[in-house]
Participant: 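For reference, the structure I am asking about is given below.
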Amino acid sequence: RRVFLDTHALVCLLEENGFTTQQSEVVVSALVKIMDTNLDMIYKDMVTKVQQEIALQQVMSHIGGVKKDMIILEKSEFSALRSENEKIKLELQQIKKQVMDEITKVRADNKLNLNLEKSRVKELHAQQDRALTQTDRKIDTEVADLKTMLESHKLDNIKYLAGSIFTCLTVALGFYRLWI
């Protein structure tokens, strides 16, 4: 625990640099005391190897205890998480089944509504086709009636025209005969 220092060499060095022998010895003595005091202070804060090993064993035993506690906690937390995960999986499957049922219902409703709308549209088209057919028939009938009436008026006009022409000819012949 002591520092080995060549005090005689240090005294000689101080004497060479202008110190007296008594001064050099006093300086070296004070220096040795200061160093011893400093080393004592340093060694007070230090531990021996045995003390260090004991402290290390205590720390390691504490660490081992903490590790065991961590493993126990981990296992309990892991099992709790696993059971919670299973619950969530079951709930998710139930929700998925409900969603699939709702989707099936909505699809069926939509198909039914679509089929109803298709039948309504077909019926509406059929009614429109019937109405168009009836309208076409009425128009054809009216056109035929008008053609017939036009022909009859045409014949009447031709008769009246022919009659008027013959009458005019007769009158003209009558005047022609009278004057001749």
Side-chain angles (χ1 to χ4, degrees), residues 41-180:
M41 295 290 277
I42 289 172
Y43 285 130
K44 275 186 197 176
D45 293 338
M46 295 178 119
V47 291
T48 63
K49 191 167 197 150
V50 173
Q51 290 173 336
Q52 182 181 2
E53 286 179 10
I54 291 170
L56 181 64
Q57 290 300 323
Q58 289 174 347
V59 167
M60 292 304 284
S61 69
H62 284 300
I63 289 174
V66 169
K67 277 185 181 179
K68 288 178 186 175
D69 291 343
M70 290 289 288
I71 289 171
I72 291 169
L73 277 174
E74 236 178 72
K75 286 182 180 178
S76 67
E77 286 292 320
F78 186 69
S79 64
L81 284 174
R82 183 179 284 158
S83 66
E84 186 68 27
N85 192 20
E86 290 299 321
K87 287 179 186 176
I88 291 173
K89 279 183 181 179
L90 290 174
E91 288 176 6
L92 185 62
Q93 287 175 349
Q94 289 174 351
I95 291 171
K96 187 177 180 181
K97 185 178 178 183
Q98 288 174 351
V99 167
M100 291 305 290
D101 290 343
E102 287 297 319
I103 288 173
T104 304
K105 285 179 185 177
V106 167
R107 280 185 181 167
D109 287 345
N110 285 342
K111 280 184 180 180
L112 181 63
N113 289 340
L114 188 61
N115 288 335
L116 285 173
E117 287 301 316
K118 280 182 182 178
S119 65
R120 285 181 192 158
V121 168
K122 284 180 183 178
E123 189 172 324
L124 184 63
H125 282 302
Q127 287 175 355
Q128 287 176 348
D129 288 343
R130 278 180 276 179
L132 281 174
T133 305
Q134 287 175 356
T135 305
D136 286 343
R137 286 181 189 160
K138 284 180 184 178
I139 290 173
D140 289 342
T141 305
E142 290 293 322
V143 168
D145 288 344
L146 285 174
K147 281 183 181 179
T148 306
M149 194 184 329
L150 185 64
E151 286 296 321
S152 70
H153 286 304
K154 196 185 210 181
L155 287 175
D156 287 343
N157 283 338
I158 290 173
K159 285 180 195 175
Y160 290 127
L161 183 64
S164 297
I165 290 175
F166 285 126
T167 305
C168 287
L169 276 174
T170 307
V171 170
L173 281 175
F175 280 123
Y176 180 67
R177 256 180 146 186
L178 283 173
W179 280 357
I180 305 197

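Just the heavy atoms: all of them, side chains too, but no hydrogens, waters or symmetry mates, feed the values below. Quantities reported herein were computed from a predicted structural model and do not represent experimental measurements.
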Participant: Can you name the nearest heavy-atom pair linking E123 to R130, along with the distance?
Facilitator: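 Looking at all heavy atoms of both residues, the shortest contact is O-NH2, 4.3 Å.
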Participant: When rounded to the nearest 0.5 angstrom, what is the spacing between NZ in K147 and CG in D140?
Facilitator: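 One finds 9.0 Å between NZ of K147 and CG of D140.
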Participant: Where the side chain of R107 meets the backbone of I103, is there a donor-acceptor pair that is under 3.5 Å apart?
Facilitator: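 Checked: no pair found.
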Participant: How many angstroms lie between atom CG of L173 and atom SG of C168, to the nearest 0.5 angstrom?
Facilitator: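 Result: 11.0 Å between the selected atoms.
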Participant: Do K96 and L92 have side-chain heavy atoms sitting under 4.5 Å apart?
Facilitator: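 With C-beta onward as the side chain, the pair stays apart.
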Participant: How far does CG of L150 sit from CG of N157, to the nearest 0.5 angstrom?
Facilitator: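 So the CG of L150 and the CG of N157 are separated by 9.5 Å.
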Participant: Once rounded to the nearest 0.5 Å, what's the spacing between atom CD1 of I72 and atom CE of M70?
Facilitator: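 Spacing of CD1 (I72) from CE (M70) equals 11.5 Å.
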Participant: Once rounded to the nearest 0.5 Å, what's the spacing between atom NZ of K118 and atom NZ of K111?
Facilitator: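 Reported to 0.5 Å precision, the distance equals 10.5 Å.
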Participant: How far apart are the closest heavy atoms of T48 and Q51, and which atoms are they?
Facilitator: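 Closest pair (atom of T48, atom of Q51, distance): N-OE1, 3.0 Å.
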Participant: So which atom in L116 and which in S119 form the shortest heavy-atom distance, rounded to 0.1 Å?
Facilitator: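 The answer is O-OG, 2.7 Å.
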Participant: Do K159 and D156 have side-chain heavy atoms sitting under 4.5 Å apart?
Facilitator: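 Of all side-chain heavy-atom pairs linking D156 with K159, at least one is under 4.5 Å.
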Participant: M46 versus I42: any side-chain heavy-atom pair under 4.5 Å?
Facilitator: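 Counting from C-beta outward, M46 and I42 do come under 4.5 Å.
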Participant: Assess whether a salt bridge exists between E117 and R120, defined as any Lys/Arg side-chain N lying under 4.0 Å from an Asp/Glu carboxylate O.
Facilitator: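 Here E117 pairs with R120 in a salt bridge, since their nearest N and O are under 4.0 Å apart.
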Participant: Would you check, one step at a time, whether the test side chain to side chain contact (heavy atoms under 4.5 Å, CB included) holds for L90 with Q93?
Facilitator: CA-CA 5 Å; L90 290 174; Q93 287 175 349; 4.0 Å; yes
Participant: Give, for atom CG of D109 and atom CD of E102, the distance between the pair rounded to the nearest 0.5 Å.
Facilitator: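 The CD atom of E102 is 9.5 Å from CG of D109, to the nearest 0.5 Å.
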